[in-house]
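Order of appearance sets the numbers: ligands from 1, and atoms from 1 within every ligand.
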Amino acid sequence: MASLRLGDTAPNFSAMTTEGLIMFHHWLGDNWGVLFSHPADFTPVCTTELGMVSKLKHEFDKRGVKVIGLSVDPLDSHNKWINDINETQGTKVNFPMIADDDKYVSMLYDMIHPNADDKLTVRSVFIIGPDKKIKLMLTYPASTGRDFFEILRAIDSLQLTSNFSVATPVNWRDGDDCIIVNSISDEDAVKKFPKGFIKIKDYLRVTPQPNK
Ligand code: BEZ
């Protein structure tokens with residue numbers, strides 16, 4: 001199967017999770033979603049990542065985003081490991097983890113990169129829109145834990161840019177100025193952006209964040 005690309009429909013699947021059997025698209029409903037893989041249960045970096053996702057769950061909730069993790073370990077392993085995550089990370093795991101021991105979802109989403117590791121998933125992230133299309137993908141190796149604040153930042157950008165004719169510049173944070181997309185004429189920009197805009201170049205027009 002060709003690997004997934006931005007704009008593709010996130011493949012549907014049914015899977016056993018720590019919160020029961022799910023049908024992925026049904027579980028997502030009309031929400032945004034984050035599907036992320038980690039290499040293995042009972043490993044140090046993954047333990048910190050899953051603890052952090054639990055601590056940030058309210059931030060995902062606030063943005064209408066459902067989060068789900070995955071590794072190729074079985075359900076009983078996930079359930080035992082959750083106790084360690086809760087104990088060591090000072091949190092309570094509060095989102096489902098897919099037990100992908102038959103590697104069905106891992107293969108479907110191309111999460112196993114054999115030249116990195118032929119048995120375990122890499123650290124993949126798929127951000128999925130309410131239309132079930134893949135909006136963003138990230139791939140990190142096992143040795144590098146992800147920054148879930150960056151994932152929240154990217155979601156803020158994706159949600160903003162899906163509603164307004166703007167893009168977000170380098171190192172943008174929610175509340176910062178935005179870029180007006182080049183398909184909008186100056187004339188239309190005046191109407192669309194009542195807070196005004198600064199034209200630095202024809203192709204570089206900056207406006208206050210429209211929904212703030
Ligand atoms: C970790 O989470 O620490 C880890 C997992 C798999 C391979 C290496 C590190």
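- Among Ala142, Ala116, Pro39, the residue whose heavy atom lies closest to atom 8 (C) of ligand 1 is Ala142.
- In the model, Asp174 has a side-chain atom that pairs as donor or acceptor with a side-chain atom of Gln209 under 3.5 Å.
- For the residue pair His78/Asp73, the side-chain donor-acceptor check at 3.5 Å is not satisfied.
- Phe95 has its ring centre no less than 6.0 Å from the ring centre of Phe60.
- The shortest heavy-atom distance from Ala40 to ligand 1 is not under 4.0 Å.
- Ring geometry for Phe13 versus Phe24: interplanar angle under 30°, hence parallel rather than tilted (30 to 60°).
- Residue contact check: Val45 has heavy atoms under 4.0 Å from atoms 1 (C), 2 (O), 3 (O) of ligand 1.
- Side-chain atoms of Thr9 and Lys132 include no donor-acceptor pair closer than 3.5 Å.
- Between Leu120 and ligand 1, not a single N/O pair is under 3.5 Å apart.
- For ligand 1, the atoms lying closer than 4.0 Å to a non-hydrogen atom of Cys46 are 1 (C), 2 (O).
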